[in-house]
Amino acid sequence: MHIVILGAGYAGLRAAIDLDRLLRQSGRDDTVSLVDQYPYHQLVQVLHLTATAAMPDKKAIYELAPLLSGSGVQLVEGRIARIDPVGRLVQLTDGRALAYDRLVIALGAETAYGRVPGAREHTLTLHSYEQAIRLREHIVAQFTAAAKTSDTKAQRVLMTTAIVGGGYTGCQLAGELAGWADDLCRETGAPRSEVRIALVERTRSLLPQFGSWATLTAEQALDNLGVSVYLDTLVEAVEPQMLRVNGQRVLRAATIVWSGGIRGPELLAASGLPVDSLGRVVVDRYLRVVDYASIFAAGDCAAIPDSPGEGTVPATASYAMRQGTHLAQALFAELEGQAPRSYEPLKLGELVSLGPHYAVGNPLGVQMSGYPALLAKKAVEKYYRATIEGPLA
Ligand SMILES: Cc1cc2nc3c(=O)[nH]c(=O)nc-3n(C[C@H](O)[C@H](O)[C@H](O)COP(=O)(O)OP(=O)(O)OC[C@H]3O[C@@H](n4cnc5c(N)ncnc54)[C@H](O)[C@@H]3O)c2cc1C
């Protein structure tokens, strides 16, 4: 059998490593192919650190070839254009096609712009390593330009960063940016007094998934760092260096980051797969795509039923990675002629950093904030690294 896994992110890489190990342990000769557009695995959950020079670039990615060199996984570097679920083919943009017996879709998410005019054209995003580097270079260029002018009005625009969306990405980026500002001004010569960071959120609260205690803690922590948090603020349009909010009020910023939401990759719907209103492929409790017995999906690109009454499983790296493991076991069970187990989301909690010294979250259901929460977050990251590079791999 040929099992093709699309996307070498948290879900796809985990699925490939675990499935390959199970196949080799049992002496089976099925083939696992892992397809990604990049030659590296990205640690998406640290990209806000890359974007703000808080972590060496190399620590945000792992070259896939050495990572998989001791395994039987066949690495395919290429960008997926379309899936033909009837013909069981994956088409790559360079014209190549891959035939599969079983397919795992783990393509992550794309930015959702919510039909806001100008959002796609005039904002930067933080979803990939390349985008993180681009964002950092853009900010450095604005600060460098600010250092070269004595026009304080121009300086203020150049040194203002507006972040749209107060979820995981927006809050973490805002916090790190505030932590970076001193160094950035020292290195570029830009005046520290003109730094502005605005976090714009359309609802009444930041990080709503944690409940009101975390929302207030996050607001306070960001405020202490000098981030201006604008709640209940709807972005109606984006123009070059400008946001129009709440009935034509204007916020000028040379750097505008869109972290206002995510959606499933457009190629899923274009391939005729069943998708929900967010473009995510719809799967059942076995992570099997509805109506397609040979296709599975995991991670941010999948709409996975959560516990009854709780909608779909949240889009986080920790869920994605465990879904990858689940799929490896489910596919192996199927190959061995055993009945599959249904996927039950394990709720281990989440942690969000707010600057270089602070985090907030609910690991294992315990409300936590401050430096201990940040240490817990770093421990989770360290554990993840060990699962892909070290003895746990
Ligand atoms: C800045 C930021 C901070 C975050 N912080 C946290 C955190 O602290 N904790 C947490 O749990 N979650 C966090 N998240 C969310 C988390 O990163 C995602 O939930 C996670 O990456 C989802 O994993 P995935 O495997 O579904 O997708 P991804 O990890 O995004 O992997 C998808 C893969 O598919 C590949 N791909 C996509 N399209 C194509 C194509 N057409 N052709 C070929 N390859 C393709 C990509 O290159 C990528 O390798 C954060 C997200 C961001 C953006």
Side-chain angles (χ1 to χ4, degrees), residues 4-16 34-52 54-55 60-62 64 75-83 90-94 96 98 104-111 125-132 135 163 165 167-177 207 209 257-259 261-262 264-268 270-271 280-281 297-302 304 313-324 327 348-354 359-361 363 373-374 376-378 380-381 384 388:
V4 175
I5 299 174
L6 306 183
Y10 291 90
L13 180 62
R14 192 71 260 156
L34 179 62
V35 190
D36 203 285
Q37 60 193 328
Y38 302 118
Y40 48 76
H41 166 66
Q42 324 177 69
L43 262 66
V44 179
Q45 56 177 334
V46 301
L47 290 179
H48 52 289
L49 302 177
T50 307
T52 53
M55 176 183 267
I61 50 171
Y62 284 87
L64 284 163
L75 197 55
V76 180
E77 189 183 329
R79 187 165 167 77
I80 296 134
R82 210 166 251 260
I83 298 162
V90 174
Q91 313 274 359
L92 304 186
T93 49
D94 60 10
R96 282 177 293 165
L98 283 171
V104 173
I105 306 173
L107 290 171
E110 290 176 356
T111 302
T125 49
L126 184 57
H127 232 98
S128 68
Y129 176 68
E130 282 178 351
Q131 290 169 355
L135 175 57
I163 302 168
Y168 249 104
T169 307
C171 286
Q172 297 195 118
L173 178 63
E176 289 303 327
L177 208 47
L207 303 171
Q209 71 269 39
V257 183
W258 193 269
S259 56
I262 54 172
E266 277 174 22
L267 76 87
L268 301 177
S271 297
R280 301 173 302 174
V281 64
D300 287 6
C301 70
I304 303 172
V313 175
T316 73
S318 40
Y319 282 110
M321 162 186 166
R322 286 193 295 278
Q323 287 155 14
L327 271 185
L348 297 180
E350 294 164 43
L351 285 155
V352 178
S353 65
L354 299 162
V360 63
L374 188 71
K377 185 167 169 58
K378 285 183 188 292
V380 172
E381 185 197 318
Y384 178 69
I388 56 169

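All ligand and atom numbering here is 1-based and tracks the order in the structure.
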Around [atom], find the nearest protein heavy atom and jot down its residue, atom name and distance.
atom                    : answer
atom 52 (C) of ligand 1 : Thr169 OG1, 3.5 Å
atom 31 (O) of ligand 1 : Gly9 CA, 3.2 Å
atom 27 (O) of ligand 1 : Gly108 CA, 3.2 Å
atom 18 (C) of ligand 1 : Asp300 OD2, 3.3 Å
atom 33 (C) of ligand 1 : Asp36 OD2, 3.6 Å
atom 37 (C) of ligand 1 : Leu107 O, 3.2 Å

Between [X] and ligand 1, which part of the residue brings a heavy atom under 4.0 Å of the ligand: side chain, backbone, both or neither?
X      : value
His41  : neither
Glu350 : neither
Tyr38  : side chain

Six-ring centre of Tyr319, Arg322 cation under 6.0 angstrom, axis tolerance 45°
yes
Could you walk me through whether Ile163 and Leu177 satisfy the side-chain contact (heavy atoms from CB on, under 4.5 Å) test, starting with their C-alpha distance in whole Å, then the side-chain angles of each, then the deciding distance to 0.1 Å, before giving a yes or no?
CA-CA 10 Å; Ile163 302 168; Leu177 208 47; 4.2 Å; yes
Heavy-atom nearest option to [atom], drawn from [options]:
atom                    : options                      : value
atom 30 (O) of ligand 1 : Val76, Leu267, Val44, Leu6   : Val44
atom 23 (O) of ligand 1 : Gly12, Ala320, Ala298        : Ala320
atom 34 (O) of ligand 1 : Gly167, Gly170, Gly349, Gly7 : Gly7
atom 25 (O) of ligand 1 : Ser353, Ala11, Gly324        : Ala11
atom 43 (C) of ligand 1 : His48, Gln42, Gln45, Gln37   : Gln37

Relative to the ring of Tyr40, is the ring of Tyr129 parallel (under 30°), tilted (30 to 60°) or perpendicular (over 60°)?
perpendicular
Fit a plane to each ring of Tyr10 and His41, take the angle between them on a 0 to 90° scale, and name the class: parallel (under 30°), tilted (30 to 60°) or perpendicular (over 60°).
perpendicular
Between the main-chain N or O of [Y] and the side-chain N or O of [X], is there a donor-acceptor pair closer than 3.5 Å?
X      : Y      : answer
Gln323 : Gly299 : yes
Glu176 : Leu173 : no
Asp36  : Ala8   : yes

Just verifying a value: how many Å separate Ser353 OG and His48 NE2, rounded to the nearest 0.5 Å?
3.5 Å
Atoms of ligand 1 close to [X] [distance to a heavy atom under 4.0 angstrom, numbered from 1]:
X      : answer
Gly299 : 26 (O)
Ala106 : 32 (C), 33 (C), 34 (O)
Gln172 : 3 (C), 4 (C), 5 (N), 8 (O)
Leu126 : 1 (C), 53 (C)
Arg79  : 40 (C), 41 (N), 42 (N), 43 (C)

State, without any angle test, whether Tyr168 and Glu350 hold a side-chain donor-acceptor pair at a distance under 3.5 Å.
yes
Kindly give the heavy-atom pair with the smallest separation between [X] and [Y], and that separation in Å.
X      : Y      : result
Tyr38  : Leu64  : O-CD1, 3.8 Å
Gly165 : Ser259 : O-OG, 3.3 Å
Leu354 : Cys171 : CD2-CB, 3.8 Å
Gln131 : His127 : OE1-N, 2.6 Å
Ile83  : Ser271 : N-OG, 2.9 Å
Leu351 : Ala373 : CD2-O, 3.8 Å

Is [X] close enough to touch ligand 1? Criterion: a residue heavy atom under 4.0 Å from a ligand atom.
X      : result
Leu351 : yes
Ala315 : yes
Ser318 : yes
His127 : no
Ser128 : no
Met321 : no

Does any N or O of ligand 1 fall below 3.5 Å from an N or O anywhere on [X], backbone included?
X      : answer
Ile80  : yes
Lys377 : yes
Ala317 : yes
Tyr10  : yes

Kindly indicate, with the supporting measurements, whether the criterion side-chain contact (heavy atoms from CB on, under 4.5 Å) is fulfilled by Glu110 and Glu266.
CA-CA 8 Å; Glu110 290 176 356; Glu266 277 174 22; 3.9 Å; yes
Can you tell me if CD on Gln37 sees more than 12 non-hydrogen neighbours from other groups inside 6.0 Å?
yes
